[in-house]
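Please read the structure below before turning to the comments.
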Amino acid sequence: MQRPSTARGAAGSGAVLLLVLVCVAVLPGASGGGGKMALGGEARGVARYCNKGANVEAAPPPSRTPAPPAAGSPAQFRGQARLPRFAAPRRYELRLRPDLVACTFTGAAAVSVAVSAPTRFLVLNAADLTVDRASIRFRDLGPKEVVFFPDDEILVLGFANNLPLGEGVLSMKFNGTLNDQMRGFYRSKYHYKGQMKNMAVTQFESVDARRCFPCWDEPAFKAKFKLTLEVPPGMVALSNMPIANQTATGPIKTISYQESPLMSTYLVAIVVGLLEYIEGVTPEGTRVRVYTQVGKSNHGKFALDVGVKSLHLYKDYFGTPYPLPKLDMVAIPDFAAGAMENYGLVTYREVALLFDEESSAESSKQNIAITVAHELAHQWFGNLVTMEWWTHLWLNEGFATWVSHLAVDSFFPQWNIWTQFLDATTAGLKLDSLEESHPIEVEIHHANEVDEIFDAISYDKGASVIRMLQNYLGAERFQKALASYIQKFAYSNAKTEDLWAVLEEKSGEPIKNLMNTWTKQQGYPVVNAKLNGNYLELEQAQFLSDGSPGPGMWIVPVTAGCGSYDMQKKFLLKGKSDRLDIRDIASQCGNQEKGGNFWIKLNINQTGFYRVQYDDKLAAALQTALQSKKLSLMDKIGIVEDSHALSMACKQTLTTLLRLLYAYREEADYSVLSHINTVSLSVAKISVDATPGLVGDIKQLLIKLLLPPAVKLGWDPKNSENHLDALLRPVLLVALVKLGHDKTINEGIRRFGIFVHDRNTSLLPPDTRKAAYLAAMQNVTTSYRSAYNDLLKVYRESDEAEEKGRVLSTLCHCKDKNIVLESLNLLFTDEVRSQDAYYVLQGLGVETRETTWLWLKGNWDRITKKYGGTQQGGFIRYVLTLFASNEKAAEFSRFFATRKNPEFERTLKQSLENVRINARWIQGIRSEPRLAQTVQELLRRP
Ligand code: BES
Ligand code: ZN
């Protein structure tokens with residue numbers, strides 16, 4: 001699925017900082033006084049939708065005071081990873097009044113705080129808020145000092161004397177802006193009856209609840225929330241809990257909601273707008289609704305159905321009922337991530353929730369099912385049981401990713417979703433083969449480091465090691481242990497080791513030792529396999545894409561199949577090397593020497609998070625087994641993915657990879673072919689630089705590989721065709737267009753021409769549109785731009801997020817640099833929602849990369865201004881990785897040396913590493929003696 005970057009504006013204006021300074025300046029002895037203080041800070045962005053693999057680096061460590069602060073001064077709380085524990089919130093009463101026209105809000109908070117150790121301070125988070133100093137009271141006492149530290153986003157309230165132990169109420173009034181950054185309390189725009197309207201929406205994960213109300217903004221400070229909203233009478237206003245009470249007086253409707261159970265601040269949510277809904281109910285009686293802009297609610301049916309089913313399934317799987325009285329799911333027109341699991345009020349971007357049989361692609365359906373199943377899994381794993389600290393974020397995200405596949409597999413067994421799960425494993429393996437990766441359990445020193453870890457390590461490696469563990473323990477044991485983990489930590493918080501402890505207790509296996517090697521160190525091994533008589537000799541070494549040796553060592557759950565899937569060998573590779581006696585399974589293998597059915601596949605069905613490199617004999621046997629259709633879909637994917645990675649790391653030749661790819665010629669399965677497709681496009685891309693003279697032939701060879709299944713499917717969907725074929729068609733057609741297959745391009749252009757005049761033509765349904773758009777873009781030039789104009793027209797006339805994204809993703813697919821520039825410049829207009837910028841960047845190609853890089857350099861300040869640090873990571877990644885030379889990497893480094901920003905530092909480092917890896921791969925390919933000859937030979941084969 002697509003993973004756009006988040007759009008986060010650059011906030012934190014000088015004015016805000018100035019006010020903060022004023023505040024800090026009046027600090028000494030300041031008490032009471034009616035002043036208001038503006039709490040602002042540097043903008044930080046959430047590192048995703050979908051920005052997995054393209055992390056954003058955290059801000060620099062907070063500037064420390066030169067001398068250590070006096071123990072009794074507010075400054076002692078600066079520069080800490082976490083808030084002090086001497087006071088903790090128990091219950092928040094919040095009243096908020098958003099003004100949807102002025103885009104501001106006012107609020108009042110009354111928080112019951114339990115003071116557990118002697119202190120005269122209360123320390124809590126706040127940012128981008130103006131707090132009315134005079135309104136601050138704790139147990140009727142006004143604070144002597146009120147200090148805001150913007151680097152730490154903390155508000156320190158110093159009282160004259162030590163506070164009484166036990167519970168007291170802290171109250172204050174504040175106000176803020178409904179911002180345009182899609183975080184905190186923000187506004188989203190939509191059309192209603194031809195008019196532009198604002199919606200007020202919250203997005204608090206990871207650390208942005210503090211931008212809406214002052215709070216203890218850490219996952220372990222669970223409290224109960226009792227919200228009241230004051231909104232215009234015509235508006236729908238939603239929050240985590242059902243409405244308890246509603247009154248209207250004049251232009252204001254006051255809605256109070258039931259009190260929530262114990263929950264973390266990052267899960268609190270509010271949506272206010274003109275919305276309509278459809279409704280369903282689970283067998284247990286939980287009411288589920290899908291809310292949308294007016295006119296779109298019937299597109300919520302599919303998600304509603306998946307939602308109802310998911311709640312039902314998870315209740316059984318976790319052995320615990322859904323904890324809240326209702327569930328609402330809302331489509332938000334401007335949304336940074338894909339979706340957010342707010343307790344009882346899950347928010348989504350429109351494309352991740354809304355499906356229309358007429359106008360949505362088949363892939364959207366699957367994306368919606370996975371997203372809904374993912375967010376609803378969080379209602380248990382994340383919301384009911386919450387990570388103790390962000391170091392354990394992977395428990396949330398890795399687990400939800402894994403279990404969403406379990407749910408979707410049970411609802412749609414025909415989708416073969418576990419085979420598709422290998423997309424996640426592939427993404428995890430890819431990112432984790434970089435020196436610039438990080439461990440799953442990553443130390444967090446400061447809140448501003450949190451957003452960068454929403455990446456392929458937390459999600460995809462996390463989910464993959466859970467799958468590995470489940471496989472090792474068996475499904476039933478694993479589920480039972482999980483259910484008791486959920487019950488044990490319900491309404492509370494847990495660490496990674498808490499999960500291991502429960503699993504260990506329930507299974508009697510040494511889970512902690514095994515799993516620590518996967519979650520506490522970065523990277524993963526490649527297992528080298530050699531056959532020596534009756535023994536399989538195995539040796540592990542850390543796999544790095546730059547070919548260098550790494551120090552890592554893992555406990556690897558090795559599985560091996562020999563000649564059949566019936567009998568498998570399982571064992572733990574604990575040291576550097578070991579050997580496996582395979583006499584018992586070898587009997588079914590046939591004769592090694594004579595061939596027969598002899599093959600050995602390690603990592604059966606790719607359940608392990610590692611790669612395998614076989615010796616020549618084993619590799620040849622596997623290729624034969626592959627051609628004679630002896631291997632499972634997952635193993636076919638694993639073999640080609642490992643070979644691709646080994647080739648990139650120059651541990652194997654491209655020649656070998658091409659021969660292997662050719663062995664997939666008869667393949668018809670969607671998942672396998674989608675991996676073949678990405679590997680093929682990667683090969684085509686690298687050959688542009690590595691072997692310019694051969695690139696045409698290599699593309700022909702790849703076309704030869706992908707054309708037969710494409711011809712079989714054709715452009716037109718068959719009646720009652722299955723889901724996977726419907727997914728496969730666009731993958732193949734798009735690949736053929738990109739590889740320059742004339743016939744496909746011409747057909748795409750023909751169909752596009754008809755579509756332009758008849759948007760309802762059956763010749764171009766949503767699934768095949770992208771291929772046709774790309775084909776049409778192929779011939780566009782500045783002087784022959786009618787297809788480009790047509791596409792812009794389609795974009796402007798559509799009110800569907802999916803269609804808009806589809807068009808955007810094709811606008812840079814053009815050889816004419818002026819057109820590419822025109823498309824890129826759209827990113828500075830109001831025509832493209834900032835949540836959608838990544839679509840445009842996705843379409844960039846190698847041919848116009850110099851122009852693109854010049855554009856990036858020349859517009860860097862503008863990009864910074866509009867997209868802020870976080871989303872800039874996406875710009876960097878998409879543009880830099882078009883290149884593959886050390887010189888270019890050096891040039892990029894020089895450019896960014898004076899433009900450092902912690903929010904994209906990690907992305908930058910990873911992108912540079914990828915550029916250098918590709919440069920090295922090119923050198924390797926250039927020295928392959930038999931590449932050209934092999935390409936010719938494979939092209940000649942009948
Ligand atoms: N908790 C995340 C949303 C999120 C991401 C919040 C980053 C803050 C920062 C949510 O559960 C999630 O993982 N959403 C995914 C979709 C999912 C199907 C993988 C996303 O937004 O990509
Ligand atoms: Zn999630």
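Both counts, for ligands and for their atoms, begin at 1 and track the order of listing. Only heavy atoms go into these numbers, but all of them, side chains included; no hydrogens, no water, no symmetry mates. As the structure is a prediction and not an experimental result, all values here were calculated from the model.
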Among Gln181, Arg211, Arg183, whose side chain to side chain donor-acceptor pair (under 3.5 Å) with Asp128 holds?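 Only match with Asp128 under side chain to side chain donor-acceptor pair (under 3.5 Å): Arg211.
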Relative to each other, are the rings of [X] and [Y] parallel, tilted or perpendicular (30° and 60° limits)?
{"X": "Phe213", "Y": "Phe225", "answer": "perpendicular"}
{"X": "Phe609", "Y": "Tyr524", "answer": "perpendicular"}
{"X": "Trp500", "Y": "Trp394", "answer": "tilted"}
{"X": "Tyr867", "Y": "Phe875", "answer": "tilted"}

Within ligand 1, which atoms have a heavy atom of Gln203 less than 4.0 Å away?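 Selected atoms, number and element: 6 (C), 8 (C).
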Pick one of side chain, backbone, both or neither for how Ala337 approaches ligand 1, counting any non-hydrogen atom pair under 4.0 Å.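 Both the backbone and the side chain of Ala337 come within reach of ligand 1.
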With heavy atoms under 4.0 Å as the rule, classify the contact between His374 and ligand 1 as side chain, backbone, both or neither.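 Answer for His374: side chain.
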Please say whether Ala339 places an N or O atom under 3.5 Å from an N or O atom belonging to ligand 1. yes
Would Ser206 count as a polar contact of ligand 1, with the cut-off being nitrogen or oxygen pairs under 3.5 Å? no
If you round to 10 degrees, what value do you get for the angle at the Zn ion (ligand 2) between His374 atom NE2 and His378 atom NE2? 100°
Examine ligand 1 and decide if any of its atoms is less than 4.0 Å from a heavy atom belonging to Ala400.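 No; Ala400 lies far enough from ligand 1 that no heavy-atom distance drops under 4.0 Å.
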Could you tell me whether any N, O or S atom belonging to Glu397 is less than 2.8 Å from the Zn ion (ligand 2)?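 So Glu397 does bind the Zn ion (ligand 2) by this criterion.
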